[in-house]
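Start at 1 with the first residue, then count along the sequence.
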Amino acid sequence: MNPGIYSNTNNEYHGGAGISRSGLMLFKRSPLHFWHRYVNPVREPQKQTEAMIFGSALHTAILEPIEFEKRYAIKPEIDKMPKPVLLKDVGKDAYADYKRQYEIAKKKKDIAFAEFYSTLEGKDIITLEQYTQILSMQSVVIANKNAEALIAGAKYEQSLYWNDADTGVLCKARPDILHQN
């Protein structure tokens with residue numbers, strides 16, 4: 001990687017050459033911690049927590065709203081299954097009716113989730129409640145004139161690379177917003 005500014009993906013940035021502040025902070029903790037996270041050939045990929053997914057979704061909704069639908073899917077809310085009943089408590093006819101209702105609800109649920117999961121294509125999943133929160137937070141930021149001024153005309157998620165003047169080590173950073181000024 002040569003020094004410069006690139007529009008590579010987040011995965012390319014994190015998987016590519018160079019050391020970031022996060023890497024330096026982990027190395028400061030211990031070289032073994034750094035090796036385990038970044039160099040170990042059999043390391044496990046870092047799993048995203050629900051909070052990390054929410055933060056990334058909010059970030060995308062505010063800074064790259066056009067990308068939101070490409071990166072996130074809203075988990076469908078399915079009607080609750082009928083409350084379980086026992087044959088001895090409700091009788092033969094009511095129990096047969098319950099079983100029919102249960103099978104119909106289960107089939108609807110299975111179809112809805114099968115359709116949902118077939119369209120994910122690598123998207124992260126958020127709930128309807130999270131989506132509602134994100135939209136609310138996004139509208140607050142958009143309505144704020146100072147925030148709007150900071151965001152307008154910026155480039156988002158650009159990867160910056162440079163060689164450290166003292167060591168020659170390739171360094172990297174990925175600021176949320178990059179203005180030419």
Side-chain angles (χ1 to χ4, degrees), residues 1 5-81 109-110 112-161 170-179:
M1 180 65 66
I5 300 173
Y6 296 87
S7 295
N8 54 0
T9 67
N10 197 38
N11 288 339
E12 291 169 337
Y13 169 80
H14 286 291
I19 189 161
S20 66
R21 181 188 183 281
S22 299
L24 289 171
M25 298 316 298
L26 198 56
F27 190 86
K28 181 180 176 184
R29 183 173 176 193
S30 87
L32 184 58
H33 281 92
F34 176 84
W35 178 86
H36 182 71
R37 168 80 56 84
Y38 294 104
V39 182
N40 181 357
V42 293
R43 68 187 174 273
E44 298 264 334
Q46 188 176 4
K47 293 184 180 178
Q48 286 198 314
T49 65
E50 188 174 316
M52 292 167 73
I53 293 170
F54 181 87
S56 294
L58 175 62
H59 172 102
T60 303
I62 292 170
L63 298 179
E64 304 172 284
I66 294 170
E67 295 292 314
F68 191 85
E69 284 187 27
K70 297 176 189 173
R71 297 183 192 171
Y72 299 95
I74 302 161
K75 186 176 182 179
E77 290 192 349
I78 306 299
D79 293 336
K80 292 185 178 185
M81 299 295 283
K109 181 178 180 178
D110 291 346
F113 277 110
E115 287 175 5
F116 172 71
Y117 285 109
S118 72
T119 63
L120 285 181
E121 303 171 29
K123 295 179 181 179
D124 285 322
I125 301 170
I126 59 173
T127 65
L128 181 59
E129 181 181 349
Q130 290 172 321
Y131 180 62
T132 303
Q133 275 185 297
I134 288 167
L135 290 180
S136 177
M137 296 165 86
Q138 177 195 45
S139 67
V140 170
V141 172
I142 291 170
N144 183 298
K145 297 298 178 195
N146 292 327
E148 182 183 19
L150 289 171
I151 294 171
K155 290 188 178 183
Y156 309 110
E157 299 301 332
Q158 300 291 294
S159 299
L160 289 73
Y161 295 87
L170 181 65
C171 298
K172 62 183 179 179
R174 191 168 169 89
D176 292 336
I177 298 174
L178 181 64
H179 280 281

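Pairing each heavy atom of Y161 with each of A17, the nearest pair is CE2-O, 3.5 Å. Counting all heavy atoms, side chain and backbone alike, A57 lies closest to I126 at CB-CG2, 4.4 Å. Taking every heavy atom of both residues into account, R43 and R37 meet most closely at CD-O, 2.9 Å. Closest non-hydrogen pair, Q48 versus D124, comes out as OE1-OD2, 3.4 Å. Contact record, K172 with H14: NZ-O, 3.9 Å, taken as the closest heavy-atom pair.
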Just do the side-chain contact (heavy atoms from CB on, under 4.5 Å) check on E50 and Q130 with the steps written out, would you?
CA-CA 10 Å; E50 188 174 316; Q130 290 172 321; 3.1 Å; yes

Derivation of the side-chain contact (heavy atoms from CB on, under 4.5 Å) call for R29 and F34:
CA-CA 8 Å; R29 183 173 176 193; F34 176 84; over 6 Å; no

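Under the side chain to side chain contact (heavy atoms under 4.5 Å, CB included) test applied with S159, the options N10, N8, I5 reduce to a single match, N8.
In this structure, I62 and L58 have side chains that are in contact, with non-hydrogen atoms separated by less than 4.5 Å. Between L26 and Y38, some side-chain heavy-atom pair lies under the 4.5 Å cut-off.
For residues 141-158, the set of pairs meeting the salt bridge (charged side-chain N to carboxylate O under 4.0 Å, His left out) definition, not counting sequence neighbours, comprises K145-E148, E157-R174.
In this structure, NE2 on H33 lies 14.5 Å from NZ on K28, to the nearest 0.5 angstrom. Note that CD of E129 and CD1 of I74 are 13.0 Å apart. Values are rounded to the nearest 0.5 Å. We find the CD1-NE2 distance between I177 and H179 to be 5.5 Å, quoted to the nearest 0.5 Å. Summarising the geometry, atom CE belonging to M25 is positioned 11.0 Å from atom CD1 belonging to I19; distances are rounded to the nearest 0.5 Å. Between the CZ atom in F54 and the CD atom in Q133 there is a gap of 4.5 Å [rounded to 0.5 Å]. Here the straight-line distance linking atom OH of Y13 with atom OG of S7 works out to 14.0 Å at 0.5 Å rounding.
Panel note: side chain Y156, backbone I151; a donor-acceptor pair is recorded below 3.5 Å. With hydrogens and angles ignored, the 3.5 Å screen pairs no side-chain donor or acceptor of S56 with any backbone N or O of I53.
The neighbour count for Y131 OH, taken as heavy atoms of other residues, nucleotides or ligands under 6.0 Å away, does not exceed 12. More than 12 non-hydrogen atoms from other residues, nucleotides or ligands lie less than 6.0 angstrom from CD of E64. Within a 6.0 Å radius of NE2 in H59, more than 12 heavy atoms belonging to other residues, nucleotides or ligands are found.
Among residues two or more places apart in sequence or in another chain, the ring-ring contact (aromatic ring centres under 6.0 Å, His included) test is passed with F116 by none.
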